[in-house]
Each structure stands twice: as structure tokens, then as C-alpha cells.
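Just so it is clear, the model here is predicted, and its values are computed rather than measured.
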Amino acid sequence: MAHQSPTDLLVLHAVRLKGFADTEAVAARFELDARQTTEELLDAQAHGWATRSSFADLVGWSLTDAGRRQNESRLRAELDEVAARDAVAGVHERFLPLNAEAAQIFTTWQLGAGQDPDIRRLADIAEALRHLEDRLTAHLIRFTGYHGRFAEALARACDDPAWITGMEVDSCHRVWFELHEDLVATLSLSR
């Protein structure tokens, strides 16, 4: 049976994956209750793990260095608790060549030189992502959703190329970046 991570860990981890996000975005990342997410964020702030700040008209949460260490420690403990280290490490190994290819495609699009063959290749990457996610979610439910989000963004990219690399939408690039960060954090690796 796959493991359901506790809410306080999911909140802390959502902040890590998003980098900087308002409370609603943090709650939405793992489909958490907004009120409980607020409480967990305030607890994390009281522990010195998260900070709330504003830039112009944006207000959001980010992790402190202590928060990143706490998140990694909790993820390591969870990984050991469910005996999934080898499985997640295996997925990471399969992810790396896909990551190199995806990064090249995203860079091409960011430079304004993206083409239809890139979209077809991203569709192949999306299918590979489905299999990676299946392996991950067999152990940890919190990995659910990457394939669906990536596939949705790719479908929208046919009408609006911002869905390939845009930062203001849940683009293919954003989803891919979050998955990479999730794997790195879970395995206590550096990029």
C-alpha cells in the first residue's frame, strides 16, 4: 500500500517545490485544506522553517535554510520508513536522460526556436513520465499528478506556446522543474 505523507510535511514540501507561493498555491499543490495549510505554514514560520514576504504586489511563503534542512530530513525519514529509497533512486536514474532532453527542448522554446517536432518529443517524454510516476506512486502518494499536469500543459501548448515554458502558468517546464526538485529533495541530492 502506498504511503500518505502527513499534512505538515506536504505543506513544507509544497513550499519547497514552488519556491515562493501564496497560501492558496501551497494548499493546491497537494489538494490540502486551506485552513489547515495556513495553520501549518504559521507553525513552520514559528519554527523558523518558513518565511512570509512580499515583493511588489506578490505575497508568499518560502523556506529558510533551516526549513530546507527540515524538509530533507523528513523526506529521508519517510523514504526509509516506507523502504522506497531504491525505487525512487531507480526512477531518478531513468529520469536523468529524459531531463537532459527536456532541458534542451525547453531551452530551444525559451530562445523562440521551438518547433512541432519538439512537441511530438515532449509527448513521448510525457508518456515516459506516466511510467515513472506509476513507479513512484506505488510507494509515495505525494508523487501523484506530475504526468496529468504535464500532459494538460502539453495539450494547451497546441493553442498557446506559453504552456511549454511559461512561468505564469502550470507549464510543461514548471511541472518538470518541480518533479526534478521533488526527486532531488527526496533523495537528498544536489542539482
### Message
If you define the side chain from C-beta out and look only at heavy atoms, does anything of Leu9 sit under 4.5 Å from Asn71?
### Response
yes

### Query
Does Leu75 belong to the same Ile/Leu/Val/Met/Phe/Trp/Tyr cluster as Leu179, with side-chain heavy atoms less than 4.5 Å apart forming each link?
no

### Message
Through direct or indirect side-chain contacts below 4.5 angstrom among Ile, Leu, Val, Met, Phe, Trp and Tyr, which residues connect to Val169?
### Response
Trp163

### Task
Determine whether His139 and Val91 make a side-chain contact, defined as any pair of heavy atoms from C-beta on separated by less than 4.5 Å.
no

### Query
So does Asp118 pair up with Arg121, basic N to acidic O under 4.0 Å?
no

Side-chain donor-acceptor contacts of residues 171-178 below 3.5 Å, not counting sequence neighbours, with atom names and distances?
residue : atom : partner : partner atom : Å
Ser171  : OG   : Gly166  : O            : 2.7
Ser171  : OG   : Arg174  : N            : 3.2
Arg174  : NH2  : Met167  : O            : 2.2
Trp176  : NE1  : Asn99   : OD1          : 2.8
Glu178  : OE1  : Arg29   : NE           : 3.0
Glu178  : OE1  : Arg149  : NH1          : 3.2
Glu178  : OE1  : Arg149  : NH2          : 3.2
Glu178  : OE2  : Lys18   : NZ           : 3.0

### Task
Go through the side-chain N and O atoms of Asp134 and His147 and say whether any donor and acceptor fall under 3.5 Å apart.
no

### Message
Checking Ser5 against Glu78: is there a side-chain donor and acceptor pair closer than 3.5 Å?
### Response
yes

### Query
Do Val11 and Ile141 share a hydrophobic cluster, counting only Ile, Leu, Val, Met, Phe, Trp and Tyr and linking them when any side-chain heavy atoms are less than 4.5 Å apart?
no

### Message
With side chain to side chain contact (heavy atoms under 4.5 Å, CB included) as the criterion, how do Leu136 and Leu183 come out once you've worked through the C-alpha distance, each side chain's angles and the decisive distance to 0.1 Å?
### Response
CA-CA 10 Å; Leu136 292 166; Leu183 290 169; 4.2 Å; yes

### Message
So that I can tick it off, tell me whether Arg130 and Glu127 are bridged by a salt bridge, with the cut-off set at under 4.0 angstrom between side-chain N and carboxylate O.
### Response
yes

### Task
Please answer: with hydrophobic residues joined when any side-chain heavy atoms are less than 4.5 Å apart, are Leu12 and Leu187 in the same cluster?
yes

### Query
Are Val184 and His180 side-chain neighbours, meaning at least one heavy-atom pair lies under 4.5 Å?
yes

Could you go through residues 42-56 and list every donor-acceptor pair under 3.5 Å that involves a side-chain atom there, pairing it with any protein atom two or more places apart or in another chain?
residue : atom : partner : partner atom : Å
His47   : ND1  : Asp43   : O            : 2.8

### side chain to side chain contact (heavy atoms under 4.5 Å, CB included) between Leu122 and Phe106, worked out
CA-CA 10 Å; Leu122 285 173; Phe106 296 144; 4.1 Å; yes

#### Entry: Salt bridge flag under 4.0 Å for residues Asp182 and Arg16
no

### Query
Are the side chain of Thr107 and the backbone N or O of Ala103 linked by a donor-acceptor pair below 3.5 Å?
yes

### Inter-residue atom distance Glu181.CD - Leu189.CG, 0.5 Å rounding
10.5 Å

